[in-house]
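Beneath this line is the structure, given in C-alpha cells, with notes to follow.
Naming convention: chains lettered A, B, ... in sequence-line order (proteins, then strands); numbering from 1 in each chain.
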Number of protein chains: 2
Amino acid sequence: MFSKACEYGIRASIFIAIKSRSDIRVSLKDIARETDSPVSFTAKILQRLVKNNIIDSLKGPNGGFEIKKSKAGKIRLSHIVNAIDGDSIYKKCGLGFRNCNNKKPCPLHYKFTVVRENLRKMLEETTLLELSEDIERGQSFLKIN
Amino acid sequence: MFSKACEYGIRASIFIAIKSRSDIRVSLKDIARETDSPVSFTAKILQRLVKNNIIDSLKGPNGGFEIKKSKAGKIRLSHIVNAIDGDSIYKKCGLGFRNCNNKKPCPLHYKFTVVRENLRKMLEETTLLELSEDIERGQSFLKIN
DNA sequence: TTAATAAAGGACATATTTATCCGTTATTAA
DNA sequence: TTAATAACGGATAAATATGTCCTTTATTAA
C-alpha cells in the first residue's frame, strides 16, 4: 500500500511526536532504533519531512528532530504520505490508466474510487497526536517483536 | 496500490473474458495492443495466470488465450490479484511490521484494517463477467485515450 | 510430414526503490 | 576558539520490479 519510505516516515513521525510531548528532541539513531528502521534510509526520509515542514530539526549537540507540541494535533497522516509518496495513492487509476475519469472510466473505476476515498478519509482524519496518545496509553506499539 | 504486473494482468483478463464470450481466442499481441500493455511483460503475466488456472492457453495456429464461458462469472478480481501480487495487499501491516496483530497492534492497525477489508471485499465480490458486461454496454473502457 | 504459428521458458537489460557511506555544515559546550 | 556532535547533501551500492529477446515446444493446416 505505502512505500517502505512512507512506512518508515510515519513510524518516525509518531515516535518524534511522542518524545516531543515531553520536550525531548530525538536523534536519527534513536528514531531508527525505536522504530526498527534502517538508519541511513531513515535519514533521507527525515530530511524530506523537514523540508515539508512536518518535523523540525536542529544540528549539533543536543540537536535532533522534534515536532512542536501545538503542531502534533494538526499533522495528519495524509500530510506525511503526501510528502513521501505523493498523491498517487488517492488519485491513481486502479488499472494504471493515465486518463481514466468519470467521463471515460476503466472497468474498476467506481468500485475502486470507493475504496480509495475510504483510505483518503482515514488518512486525512488521523492526526499524529491521536496516534501518539494511543501508544502512551499502551493501546498500540511502535516496536513489535 | 497494485503492481504494474497486476494492473496488466487484470486488464488482460478482462479483455480475454470479453472475447471469450463470443468464442474468440486472443493472441498475446492482440491483448497487449487492446489493453495498452507492454507485449513481452504481458507474456510473463499471462503465463502466471495460466499456471494459476485463471485463463487457458493453446499453442499454435489459431491458438491464444481464453476463459471458458462458464468460468468468467466465477473468477474474482481477488483471484487475479492473489496470483500476481500475493496476499500482502490484504494481510500486510500498514506500517510494515511483520508481527502486527490485534494482540500487539501498530498505531494504524484498526483504522488500516477497515480500509483493507473494504478493498478485500470489493476484490472478492467483483467477477470478470460483471466487468466485461460493463464494457460491452459501453459503460467502461479498457483502452483510454 | 512439413511449414507456419503462437505460447512457454530462460537469460538478459533497464528502471526504480531501498539502503549505505562519507565529507560538509551548523550548533553547542568546554 | 576549538572540539565534539548531529543533521544535511551528494555519490554510490544493492535489491526488486519492470520489461525485452530469443530459443524451445506444442499445435494446426497444407
Short side-chain N/O contact from B:Y8 to OP1 or OP2 of D:dG19, under 4.0 Å: yes

Quickly work out the A:K59 NZ to C:dT28 P distance and round it to whole Å. 12 Å

Distance-minimising heavy-atom pair for A:Y8 and A:I45: CB-CD1, 3.8 Å

Against the side chain of A:S3, the closest entry in C:dA7, C:dT18, D:dC8 is C:dT18

Taking B:R11 for the side chain and B:L142 for the main chain, is one N or O donor matched with an acceptor at less than 3.5 Å? no

Scanning all shown strands, the Watson-Crick or wobble mate of C:dC12 with both distances under 3.5 Å is D:dG19

Is any side-chain N or O of A:S27 closer than 4.0 Å to OP1 or OP2 of D:dT5? no

Among the nucleotides D:dT18, C:dA8, D:dC8, which one has an atom lying closest to any side-chain atom of B:V50? C:dA8

Salt-bridge contact B:E124-B:R76 (side-chain N to carboxylate O under 4.0 Å): no

Between CD of B:Q47 and C1' of D:dG19 the distance, given in whole Å, is 14 Å

Hey, can you tell me if B:F112 and A:F2 have their rings parallel, tilted or perpendicular (30° and 60° cut-offs)? tilted

Send over the distance from B:I16 CD1 to C:dA7 C1', rounded to a whole Å. 12 Å

A:K4 side chain, from C-beta outward: closest of C:dT18, D:dC21, C:dT5: C:dT18

Atom pair distance, as rounded to whole Å: CG in A:N62 and C1' in C:dT27: 10 Å

Provide, to the nearest angstrom, the distance between the CZ atom belonging to A:F41 and the C1' atom belonging to D:dG9. 16 Å

Between the side chains of B:D85 and B:S3, is a donor N or O closer than 3.5 angstrom to an acceptor N or O? yes

Can you tell me how far P of D:dA6 sits from CD1 of A:I31, to the nearest Å? 12 Å

Go nucleotide by nucleotide along DNA chain D from the 5' end; which of A:K44 and A:G60 gets its closest nucleotide reached first? A:G60

Rounding to a whole Å, what distance do you find between A:L58:CG and C:dT28:C1'? 9 Å

Can you tell me the pairing partner of C:dA30 across any strand shown, Watson-Crick or G-U wobble, with both distances under 3.5 angstrom? D:dT1

B:D56 CG to C:dA8 P: how many Å, rounded? 10 Å

